[in-house]
Amino acid sequence: MAGTTSQPTSRTRSWWGWGWADAHPDDAECTAMGALLPGTLGRPLPVPRVSDLEIAGPAAEPPQSLAHLVSTDREDRAAHCMGKAYRDVARALRGRPGRIPDLVARPTDDRDVADLLDWAGERQVAVVPYGGGSSVTGGVEYRGDTHRAVMSLDLTAMGRVLEVDAEGRAARIQAGTLGPSLEDQLRPYGLTLRHFPQSFEFSTLGGWLATRAGGHYATGRTHIDDFVQSLRVVTPAGTSSSWRLPASGAGPSPDRLFLGSEGALGVITEAWVRLQERPRHKASAAVAFADFEGALRAVRALAQSDLSPANCRLLDSGEAALSGAAHDGSSVLVLGFESADEPVAARLERAVALARSHGGRYGGADGAGGGGEGAVSAWRSAFLRMPYLRDGLARMGAVVETFETAATWDRIPGLIDEVRREVGAAAIKATGHPATVNCRLTHVYPDGAAPYFTVLAAGRAGDEVAVWDELKAVASEVLHRHRATITHHHAVGRDHRPDYDRQRPEPFALALRAAKGALDPRGILNPGVLVD
């Protein structure tokens with residue numbers, strides 16, 4: 001059975017910043033936030049307007065047979081010129097968004113994708129696949145000048161759940177399906193993909209697959225890789241369609257070639273994905289720790305237990321204060337359990353008892369230390385609101401960005417300490433003002449964890465991007481020193497490319513370059529991503 005797409009919203013997406021245009025902080029809120037951070041501007045930068053940008057006419061024109069799929073509208077082109085990283089927002093605020101695509105194409109099926117790729121290859125037009133545009137690593141923009149023109153290939157017109165196998169709990173879904181629409185179409189079947197990244201509202205299944213996205217859940221199946229049965233990918237060399245299988249040992253996996261390929265090897269157009277019943281039983285709690293080291297030991301014990309919490313997110317004291325989860329200097333462990341078929345209160349009680357054995361203080365369900373508003377609720381609200389607040393602080397000239405990694409447990413304490421210390425020192429050197437460097441663990445495994453860092457620092461007026469690049473370079477060196485990955489779930493894009501080149505084995509790079517040459521011989525697919 002096939003689903004139908006949900007009705008489009010009447011709200012407007014922000015072309016320059018995160019999410020909905022009407023959800024951004026106003027000037028007064030921006031000013032109030034900026035007053036809390038030394039070295040920011042006296043008043044917010046104006047909200048950028050597309051009408052103020054210098055946008056040249058398109059450098060290429062599609063043939064009549066494809067014209068109905070292509071837009072050259074200025075607003076449309078500007079909205080597809082970059083992702084939603086801090087450096088993207090800062091560039092837009094300063095009127096320097098980078099190369100604006102000449103064309104925005106919206107294919108409706110595989111044939112359209114193939115025809116657009118054929119034309120682009122003949123005309124040397126770079127093609128940048130685009131889902132929800134939520135990339136925070138420079139994954140959906142073109143950098144350089146070696147192609148005649150640039151086309152953003154927006155997949156969101158391919159937004160349907162095509163088939164549901166309720167008995168096998170799987171569905172065939174088009175890659176351009178946005179998160180909310182995907183879940184809306186599965187809801188009548190009582191099924192869910194259960195993949196909820198922070199960008200859920202503004203990202204697509206194809207984007208998750210192309211970036212090997214991590215979901216909200218901290219343990220168990222959380223990376224999108226875990227849900228894939230098969231992929232369909234259109235490349236300039238032909239269409240790859242793997243068999244739908246529960247498992248296979250037949251050679252290297254064809255799906256693994258395209259998972260995480262970021263549109264550099266082909267355009268993912270649909271996938272069979274594993275589903276599960278929608279949870280009916282949920283329970284959450286928060287445990288406070290005076291000692292961050294004790295909290296790390298508690299989380300490691302939980303990850304190595306058989307409890308499998310859906311949420312096991314550790315906030316250091318700075319992150320806990322920033323989210324409103326605690327204001328007494330405590331670190332906070334946010335725990336959550338859920339199940340489709342049995343109550344989870346007993347599992348939550350066992351998890352809390354384990355955390356308390358490592359020095360945790362528990363003040364009751366949905367609360368930490370009994371401190372007013374439930375810490376879980378406070379954290380959840382802050383989690384959803386934070387990208388908008390980041391953009392508000394960016395308007396005040398602040399540098400506000402996050403980066404994430406993963407490492408084995410033996411490296412985690414030293415890694416976190418050195419990132420805090422060295423990025424903090426680099427911020428003082430770059431701006432003359434101290435910075436806040438917070439950390440939380442977003443995903444935990446029996447053998448390691450994924451630290452996620454938030455940096456709040458003063459900028460240099462008109463040079464904010466350079467400040468962030470300096471801080472990121474220092475952080476990347478710390479990660480490399482500890483053999484921590486350059487990205488756990490945000491993809492490589494263009495921003496992480498130099499460090500990805502250092503991380504991957506050279507024989508693998510050789511094979512990847514060969515695959516790129518075979519599948520994209522004219523080099524039009526997302527140039528500069530993963531390989532040259």
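Index from 1, following the sequence.
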I need the minimum non-hydrogen distance between [X] and [Y], along with the two atoms involved.
| X | Y | result |
| --- | --- | --- |
| Ala237 | Ala518 | CB-O, 3.6 Å |
| Gly263 | Ala210 | N-CB, 4.4 Å |
| Ala23 | Arg385 | O-NH1, 2.5 Å |
| Gly179 | Trp208 | CA-CH2, 3.8 Å |
| Pro97 | Arg91 | O-NH1, 3.6 Å |
| Trp16 | Pro48 | CG-CG, 3.4 Å |

Partner of Arg440 under side-chain contact (heavy atoms from CB on, under 4.5 Å), chosen from Val334, Thr454, Leu314: Thr454
Identified side-chain contact (heavy atoms from CB on, under 4.5 Å) partner of Ser261 from the options Leu259, Leu257, Leu265: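 Among Leu259, Leu257, Leu265, the one that satisfies the side-chain contact (heavy atoms from CB on, under 4.5 Å) with Ser261 is Leu265.
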Aromatic plane relationship, His443 with His488 - under 30° parallel, 30 to 60° tilted, over 60° perpendicular: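 Ring orientation, 0 to 90° scale: tilted.
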Look at the rings of Tyr452 and His490 and say which category their plane angle falls in: under 30° parallel, 30 to 60° tilted, over 60° perpendicular.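 Judged by the thresholds at 30° and 60°, the geometry between Tyr452 and His490 is perpendicular.
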For [X] and [Y], which I'm curious about, is there any donor-acceptor pair between the side chains at under 3.5 Å?
| X | Y | answer |
| --- | --- | --- |
| Gln174 | Arg160 | no |
| Thr408 | Asp410 | yes |
| Asp73 | Ser71 | no |

Could you tell me whether the side chain of [X] and the main chain of [Y] form a donor-acceptor pair under 3.5 Å?
| X | Y | value |
| --- | --- | --- |
| Arg87 | Asp469 | no |
| Arg74 | Val50 | yes |
| Arg497 | Gly528 | yes |
| Lys84 | Gly17 | yes |
| Ser152 | Asp154 | no |
| Asp88 | Ala85 | yes |
| Tyr142 | His147 | yes |
| Gln124 | Arg522 | yes |
| Asp520 | Leu525 | yes |
| Thr222 | Tyr217 | yes |

Heavy atoms, side chains only, cut-off 4.5 Å: are [X] and [Y] in contact?
| X | Y | answer |
| --- | --- | --- |
| Arg94 | Val465 | no |
| Val127 | Leu116 | no |
| Leu231 | Ser240 | no |
| Trp272 | Asp165 | yes |
| Leu302 | Val444 | no |
| Gln185 | Thr177 | yes |
| Val125 | Trp119 | yes |
| Leu182 | Leu205 | yes |

In this structure, are over 12 heavy atoms from other groups packed under 6.0 Å from Arg483 atom CZ?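 Atom CZ in Arg483 is not crowded, with 12 or fewer foreign heavy atoms closer than 6.0 Å.
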Apply side chain to side chain contact (heavy atoms under 4.5 Å, CB included) to residues Thr402 and Met386 and explain how you reach the verdict. CA-CA 11 Å; Thr402 62; Met386 188 55 67; over 6 Å; no
Pair [X] + [Y], salt bridge at N-O below 4.0 Å:
| X | Y | answer |
| --- | --- | --- |
| Asp495 | Lys472 | no |
| Arg502 | Asp499 | yes |
| Glu506 | Arg513 | yes |

Inter-residue atom distance [X].[atom1] - [Y].[atom2], 0.5 Å rounding:
| X | Y | atom1 | atom2 | value |
| --- | --- | --- | --- | --- |
| Thr235 | Ile268 | OG1 | CD1 | 12.0 Å |
| Tyr130 | His80 | OH | NE2 | 5.0 Å |
| Phe453 | Glu401 | CZ | CD | 14.0 Å |
| Phe227 | Ile173 | CZ | CD1 | 11.5 Å |
| Met151 | Asp102 | CE | CG | 10.5 Å |
| His68 | Thr108 | NE2 | OG1 | 6.5 Å |

For a side chain to side chain contact (heavy atoms under 4.5 Å, CB included) check, start with the C-alpha distance between Val467 and Glu464, then their side-chain angles and the critical distance, and finish with the verdict. CA-CA 5 Å; Val467 172; Glu464 294 87 358; 5.6 Å; no
Just grab all the salt bridge (Lys or Arg N to Asp or Glu O under 4.0 Å) pairs involving residues 253-280, residues at least two apart or on different chains.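 Of all non-adjacent pairs touching residues 253-280, those that pass salt bridge (Lys or Arg N to Asp or Glu O under 4.0 Å) are Arg169-Glu277, Arg172-Glu270, Glu183-Arg278, Asp225-Arg256, Glu277-Arg280.
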Can you list every pair that meets salt bridge (Lys or Arg N to Asp or Glu O under 4.0 Å) and has a residue in residues 193-202, with sequence neighbours left out?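 Output for this query lists Arg194-Glu338.
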Can you name the one residue among Gln503, Glu404, His496 that meets side-chain hydrogen bond (donor to acceptor under 3.5 Å, both in side chains) with Thr487? Glu404
Side chain to side chain contact (heavy atoms under 4.5 Å, CB included) assessment of Phe403 paired with Val419: CA-CA 11 Å; Phe403 63 93; Val419 167; 3.6 Å; yes
Can Leu186 and Thr192 be said to form a side chain to side chain contact (heavy atoms under 4.5 Å, CB included), step by step? CA-CA 6 Å; Leu186 294 177; Thr192 174; 5.6 Å; no
Go through Asp115 and Arg111 one step at a time and tell me if the salt bridge (Lys or Arg N to Asp or Glu O under 4.0 Å) criterion holds. CA-CA 6 Å; Asp115 289 345; Arg111 182 71 263 165; 3.0 Å; yes
Between Tyr388 and Trp20, does the ring pair (Phe, Tyr, Trp, His ring centres under 6.0 Å) criterion hold? Intermediate values first, please. CA-CA 9 Å; Tyr388 293 103; Trp20 302 113; 9.0 Å; no
The criterion is side-chain contact (heavy atoms from CB on, under 4.5 Å); which residues satisfy it with Ser339, sequence neighbours excluded? Asp341, Glu342, Val344, Arg347
